[in-house]
Amino acid sequence: MDYFSGLAGYSITFIVMMTVSFLAITLLLVGLYFNVRKWGQGSLEWGVDPTEGGNGFIGSIVVFCKAYWKQLQAHSVHHGQHILETLVFDVILQRRTARASPLRWFMHILIFIGWMGLFALSGLMFSVEMIHMLGIPFIEPELFREYLQLPNQLLGYTLLFGVLIAIARRLFIPKVRENTNSYDSILLVTLTVVIVTGFFAHAGRYIAVGITDFTGYDFIYLDYIFWTLGGLTPFLTYVQEIALTHSVLALFVGFAFIPYSKYLHMITTPLTMIVNKGGEH
Amino acid sequence: MAKTPSLEIKNLTAVQLMEIDGCMRCGECAEWCPTYEGSNFKPGLSPRDKIYRWKRFVDKTYGMRAAFFGPKTIPEEEFVEFKDDVHGCTTCGICATVCEAGINTVELWEAMRANLVKRGTGPYGKQSAMPTIISETFNAYNEPKENRLNWIPADVKIADKAEILYFLGCTAGMKQTNLAVSTARVLNKLGVEFCTLGEEEACCGSVLVRTGQYHKEEFIAKRLAQSNVEKIKEKGAKIVLYACAGCFRASLIDWPRLLGEETPFKVMHVSQFLAEKLEKGEIEWLQKPFGEDKLVTYHDPCHLGRHVGVYDEPRKVLQSMPGMEYIELERSKAYQRCCGAGGGVKAGMPELALSIAKARVGDAMEALYPEEKTQTNVFAQACPFCKRNISDGRDALLDEDNQKADIIIEDIIEISARALGLSNVKD
């Protein structure tokens, strides 16, 4: 049984990927639970002390949800805005960052688009694969995979460009460099590793099926450069292992690791903006 | 036996604990923070740093590792250092305005302070005397309550009951009485019948909420709010006027929250009241406030501006006066620079407060004297604390022989009194 993005006869099977995915999702959920549990140790509203002895397994989730709902409903003296405006302008378009620093906004929006796009397309590919596995006639996964090549590549470049700007900021702007700690750099380093292995894996898959002339495949040319510069040609035999490494890293770093690192802001920042009605401005 | 955690999550809401994890560490708050700058960039005062340190405290005590293996002990020195840093904040709110994650930082600082006070680590220095002083004298200055009446000049008419009540606040009633005198005379001149709570007025409780001590002395802040609201109701007031931005903010936001219900009267800053009268054509200025043409600029008090969004009315009042050419400060409205007095900093860390005040006077100097100083111009405020601290900043700069610091610093209501031909002083 082949994995949709793998190649027949190699080591990445559907079972392997499902096991890895299941593990990643489990770690994500466990991490999220412990975060919500931590938040749920707080009180329901301003000036009220939390329950003596802390809240339990379910209690903490209930407290957090109730507190969130209460604050969402609360009257705002002067800076309340409609939830849709917050979602569109502050969460998706990141207006607050744009106001503060156009460069940081450009960097962040590239990472946001690249990340979310790749996440969505991976989810879509997974759905097509599952539908196929269930025997429902819909679209051939191999064909669908080809459709996704170009958008995947473009989103990969978008993400890469954003991350390069982020790295450059951290390295070359003294004020930013001095204030960078491990919490910041772990995110950036892991993200870079996932992106670079992604390009390796992609180029490797093409090379493995004998495509070395990139005429008509201009959009993966950069992957090829990555592959060559990475000195990976001697490891052509292990292309599936490289692809597997990327998939595992993508799942664990970009998914399971979210609640245990600065990646958590992908969840908490939108929640904060929404509950504070867009924040002060 | 279960280990006692170093930190108990008191006074922090579940949402606030989530907000701490929402910080992206972009550092925009540090770019704008007046105390961080005023301290010559002491790392601990950066809002970003405070959020990160508190996050680490919470994670060590309530995170996943703590859930499995018990909380980690946090050295007491870290809490003491954190207490000093979190009290070195004027709660001006610029960090919330510029926060890219939209974190309500002011509420967060106040919650952390209250937590540390409950823990026995806070508050900072002299601030600890405030709850006792206020619970005994019902004012922040340890004055006998009858002193609340000392400001009243013989010519001022105050009704026993009226639909409009002027809430003086401890500072205007006992220290900067020019403000109270000006407000009363302006109201009389405009034919507005008003009453006050007289010696029954109690501190608004703002300083207790800001310094995280509102729960002390058997929830003194709540008792103060209850007392004031009850007495205002007894006076039959429908509108309560404030010339103090701190009291205004407390009445608008803190009192309803402390009491768990909205107050049964409308709360207005005196600048809003005057702007409304101007719009209705009910005010006619009689003279140039300073007898000659002046440039005037305005400092938005944090408690009036960023905290509650009153920006336009004070400007309308100043711009309507004869002989006053209005100039906007480069940092104004939501992006204004704090005067440095708020959040208990003036009382707890006067040197830091002065450093910030000097920076703010510098802003005014740039606007009022872009080139040579040819006359003395005016820097207006709408809060007695801002006036006091900015005046201190000006005096310090004058002591350093900075001639451009020669600026008239007055409250809008004092300038209004001048424009109506009224005296600001009692006798």
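Just so it is clear: chains get the letters A, B, ... in the order the sequence lines come, proteins before strands, and each one is counted from 1.
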- Task: With a 4.5 angstrom heavy-atom cut-off, could you sort out which part of B:Leu258 is near chain A: side chain, backbone, both or neither?
- Result: both
- Note on the structure: Closest non-hydrogen contact found for B:Pro123 with B:Gln213 is CG-OE1, 3.4 Å
- Donor-acceptor pair, A:Thr197 side chain versus A:Val194 backbone, under 3.5 Å? yes
- Message: Let's test your reading of the structure: which of B:Val106, B:Asp59, B:Val310 forms the most heavy-atom pairs below 4.5 Å with chain A?
- Response: B:Asp59
- Against chain B, label A:Gln71 side chain, backbone, both or neither, depending on which of its atoms sit under 4.5 Å from a heavy atom there. side chain
- Message: Out of A:Asn35, A:Leu187, A:Asn179, A:Val176, return the one with the most heavy atom pairs under 4.5 angstrom to chain B.
- Response: A:Asn179
- Which region of A:Tyr33, side chain (C-beta onward) or backbone (N, CA, C, O), has a non-hydrogen atom less than 4.5 Å from a non-hydrogen atom of chain B, or is it both or neither? neither
- Message: Shorter than 4.5 Å, heavy atoms on both sides: which option in B:Met18, B:Glu19, B:Met64, B:Met24 has the most such pairs with chain A?
- Response: B:Met18
- Message: At a 4.5 Å cut-off on heavy atoms, which part of A:Lys175 comes close to chain B: side chain, backbone, both, or neither?
- Response: side chain
- Item | Beyond-backbone contact of A:Asn181 with A:Ser185, side-chain heavy atoms, under 4.5 angstrom | no
- Item | Minimal non-hydrogen separation, B:Glu8 against B:Tyr62, with atom names | CA-OH, 3.4 Å
- Choice from A:Ala67, A:Ser43, A:Ala98 maximising heavy atom contacts with chain B below 4.5 Å: A:Ser43
- Message: For B:Ile103, which atoms come within 4.5 Å of any heavy atom of chain A: side chain, backbone, both, or neither?
- Response: both
- Residues passing the side-chain contact (heavy atoms from CB on, under 4.5 Å) test with A:Leu124, sequence neighbours excluded, are A:Leu121, A:Phe144
- Message: Using heavy-atom distances under 4.5 Å, tell me whether B:Phe68 contacts chain A through its side chain, its backbone, both, or neither.
- Response: side chain
- Task: Look at B:Asp300 together with B:Arg337 and state whether they make a salt bridge at an N to O cut-off of under 4.0 Å.
- Result: no
- Item | Within 6.0 angstrom of B:Lys118 NZ, more than 12 heavy atoms from elsewhere | yes
- Note on the structure: In terms of heavy-atom pairs under 4.5 Å with chain A, the winner among B:Ala67, B:Gly63, B:Cys99, B:Gly27 is B:Cys99
- Note on the structure: Ranking A:Glu45, A:Arg104, A:His265, A:Met273 by heavy-atom pairs under 4.5 Å to chain B gives rank one to A:Arg104
- Note on the structure: Separation between OG (B:Ser251) and CZ (B:Phe265), nearest 0.5 Å, reads 6.5 Å
- Task: Against chain A, work out which of B:Arg48, B:Lys333, B:Glu110, B:Lys222 has the most heavy-atom pairs shorter than 4.5 Å and name it.
- Result: B:Arg48
